[in-house]
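Down below is the structure, laid out as C-alpha cells.
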Amino acid sequence: MKLDQSHLLGAKCLLLDFDGPVCSVFAGYPAHQIASELVEAVSRFDVQLGLSLKDEHDPMEVLRVAAADLPEASAEQLNAQLDQAEVDAVRTAEPTSGAAQLIERAGRAGLTVAIVSNNGEKAIATYLRAHGLDGQVATIEARPFGRPELMKPDPYLLLRALSTTGFEAQNAVFIGDSKSDVEAGLAAGVATIGYANKPGKDAALREAGASSVVTEL
C-alpha cells in the first residue's frame, strides 16, 4: 500500500523516524559492524559486559545496555563513538524512495515536518544538509547524548517534538518502521503509520498497534 493524502488528513505536523522512513542509514556501513566495534570498546571498559553483548547486532541496543552498567564517563565515550560512526554511515546512506518528495510535499501543503529518531543529531543533520532537506525540517529530536534510556520506545522524543513544534498529539502523524516506533507513538498519543519496508514487517507493525501500514512512501 502506498502512503497517500488520506493518511495525513487533518494533520498539521508530520513526524518522521530517520533510519527507514528517510534513508537506510547503515547501507554502506553495516549496523552489525558498528555494533561489533562498540562491543569491542565495551570490552575495554568491562570484559564481562562485552562478552554478554558479543552477539548483539544493533548498535543502539549495545549503547542502551552498556550505558546502564558502565560508569558515566565510559558510557559517554561509547555514545560519542556511536555518534561518529553514524556520521560516517550517513555518507553512504541509501535514500528511501519517495522520502524526499514526501518531506517537500508535506511542507508545501503547510505541514510542519520534524525528525524523531534514535540516531544521533549530528548524523541526521549531516544527511539532511547533503540532500538539500535541512531547510524543510523544522526540528530534529534525536538520541539524547548520554541518556539512551530515553530512546524510543520511550515517548520522550515524540513529546519533545510536539513541544518544540507547538502541536497537540491529535494534530500530528508519526511514520516509523519498527515496533518501538509504534509503541512510542501510542505512548505519546500520536497516530502512527507503520512503514513496512521489509517482508514480514506488515503484520508486526499492525500487531504493535499501528493505525495503518504502508509499504511505499
Side-chain angles (χ1 to χ4, degrees), residues 1-25 60 93-119 121 123-125 127-128 131-144 150-198 200-217:
M1 175 188 287
K2 291 184 179 181
L3 183 75
D4 60 37
Q5 293 182 25
S6 67
H7 291 100
L8 304 178
L9 282 178
K12 298 178 181 178
C13 182
L14 174 61
L15 307 174
L16 289 169
D17 179 36
F18 182 62
D19 185 21
V22 176
C23 66
S24 178
V25 174
M60 311 304 176
E94 182 179 326
T96 297
S97 178
Q101 295 93 326
L102 171 62
I103 292 171
E104 291 163 0
R105 291 175 185 176
R108 287 205 303 270
L111 278 72
T112 296
V113 180
I115 302 295
V116 183
S117 173
N118 285 349
N119 295 112
E121 182 174 1
I124 297 168
Y127 179 89
L128 294 178
H131 293 265
L133 297 171
D134 50 323
Q136 300 174 63
V137 172
T139 186
I140 297 170
E141 299 300 338
R143 179 179 65 246
L150 295 178
M151 293 191 295
K152 296 171 289 182
D154 193 285
Y156 173 80
L157 295 174
L158 281 161
L159 295 174
R160 273 191 58 87
L162 293 173
S163 176
T164 301
T165 58
F167 292 104
E168 299 294 331
Q170 63 265 28
N171 298 131
V173 172
F174 177 43
I175 299 178
D177 71 328
S178 69
K179 179 182 176 184
S180 64
D181 287 326
V182 177
E183 291 173 348
L186 289 172
V190 177
T192 301
I193 298 170
Y195 173 46
N197 55 347
K198 293 179 182 177
K201 274 193 173 183
D202 186 313
L205 292 168
R206 290 186 189 281
E207 186 177 333
S211 57
S212 56
V213 175
V214 299
T215 55
E216 296 180 58
L217 299 182

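All values derive from a computational prediction rather than experimental measurement.
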- Message: Tell me whether the count of non-hydrogen atoms from other residues, nucleotides or ligands lying under 6.0 Å of CD in Gln5 goes above 12.
- Response: no
- Message: Nearest 0.5 Å, please: how far is CZ in Phe18 from OG in Ser24?
- Response: 10.0 Å
- Gln170 atom CD: more than 12 heavy-atom contacts under 6.0 Å: yes
- Nearest atoms (heavy-atom pairs only) where Glu121 meets Ala142: N-CB, 3.4 Å
- Which heavy atom of Leu158 sits nearest a heavy atom of Gly185, and at what distance? CD1-N, 3.4 Å
- Is the CD atom of Glu207 crowded by more than 12 outside heavy atoms at less than 6.0 Å? no
- Item | CA sep, side-chain torsions, deciding dist, call: Lys152, Asp17, salt bridge (charged side-chain N to carboxylate O under 4.0 Å, His left out) | CA-CA 10 Å; Lys152 296 171 289 182; Asp17 179 36; 2.9 Å; yes
- Quick one: does Asp154's side chain have a donor or acceptor within less than 3.5 Å of a partner on Met151's backbone? no
- Query: Taking the side chain as C-beta and beyond, is there a heavy-atom pair between Ile140 and Leu128 under 4.5 Å?
  - Reply: yes
- Task: Evaluate the side chain to side chain contact (heavy atoms under 4.5 Å, CB included) criterion for residues Val214 and Lys2: first the C-alpha distance (whole Å), next the side-chain angles of each, then the deciding distance (0.1 Å), finally the verdict.
- Result: CA-CA 6 Å; Val214 299; Lys2 291 184 179 181; over 6 Å; no
- Message: Quick one, Thr112 and Phe167 - any side-chain contact, counting heavy atoms below 4.5 Å?
- Response: yes
- Provide the closest heavy-atom pair for Pro95 versus Cys23 in the form atom of the first, atom of the second, distance. CA-CB, 4.0 Å
- Given Ile193, which of Asp181, Ile175, Leu205, Val182 fulfils the side-chain contact (heavy atoms from CB on, under 4.5 Å) condition? Ile175
- Query: Are any of the side-chain heavy atoms of Leu102 and Leu16 separated by less than 4.5 Å?
  - Reply: yes
- Query: How about Asn119 and Met60: do any of their side-chain heavy atoms sit closer than 4.5 Å?
  - Reply: yes
- What's the spacing between Ser178 OG and Glu183 CD if we round to 0.5 Å? 8.0 Å
- Message: Ignoring hydrogens, what is the shortest heavy-atom contact between Val113 and Gln136? Give both atom names and the distance.
- Response: CB-O, 3.7 Å
- Polar side-chain atom of Ser163 near backbone of Leu159 as donor-acceptor pair, under 3.5 Å: no
- Task: Taking all non-hydrogen atoms of both residues into account, name the closest pair between Val213 and Met1 and its distance.
- Result: O-SD, 3.6 Å
- Query: Name the one of Leu133, Leu111, Leu217 that satisfies side-chain contact (heavy atoms from CB on, under 4.5 Å) with Ile103?
  - Reply: Leu133
- Message: Minimum heavy-atom separation for Leu157 and Val116, please, with both atom names.
- Response: CB-CG1, 3.6 Å
- Query: Checking side chain to side chain contact (heavy atoms under 4.5 Å, CB included) for the pair Thr164/Glu141: CA distance, chi angles, key distance, verdict?
  - Reply: CA-CA 9 Å; Thr164 301; Glu141 299 300 338; 3.1 Å; yes
- Look at the side chain of Thr96 and the backbone N and O of Gly20, then say whether any donor-acceptor pair between them is shorter than 3.5 Å. yes
- Query: So, the side chain of Asp177 versus the backbone of Pro21: is there a donor-acceptor pair under 3.5 Å, distance only?
  - Reply: no
- Task: Check for a donor-acceptor pair, side chain of Ser211 on one end and backbone N or O of Thr192 on the other, with a separation under 3.5 Å.
- Result: yes
- Message: The test is side chain to side chain contact (heavy atoms under 4.5 Å, CB included); show your working for Val22 and Ile115 and say whether it passes.
- Response: CA-CA 9 Å; Val22 176; Ile115 302 295; 4.0 Å; yes
- Query: Are a donor atom and an acceptor atom from the side chains of Ser97 and Glu216 found within less than 3.5 Å of each other?
  - Reply: no
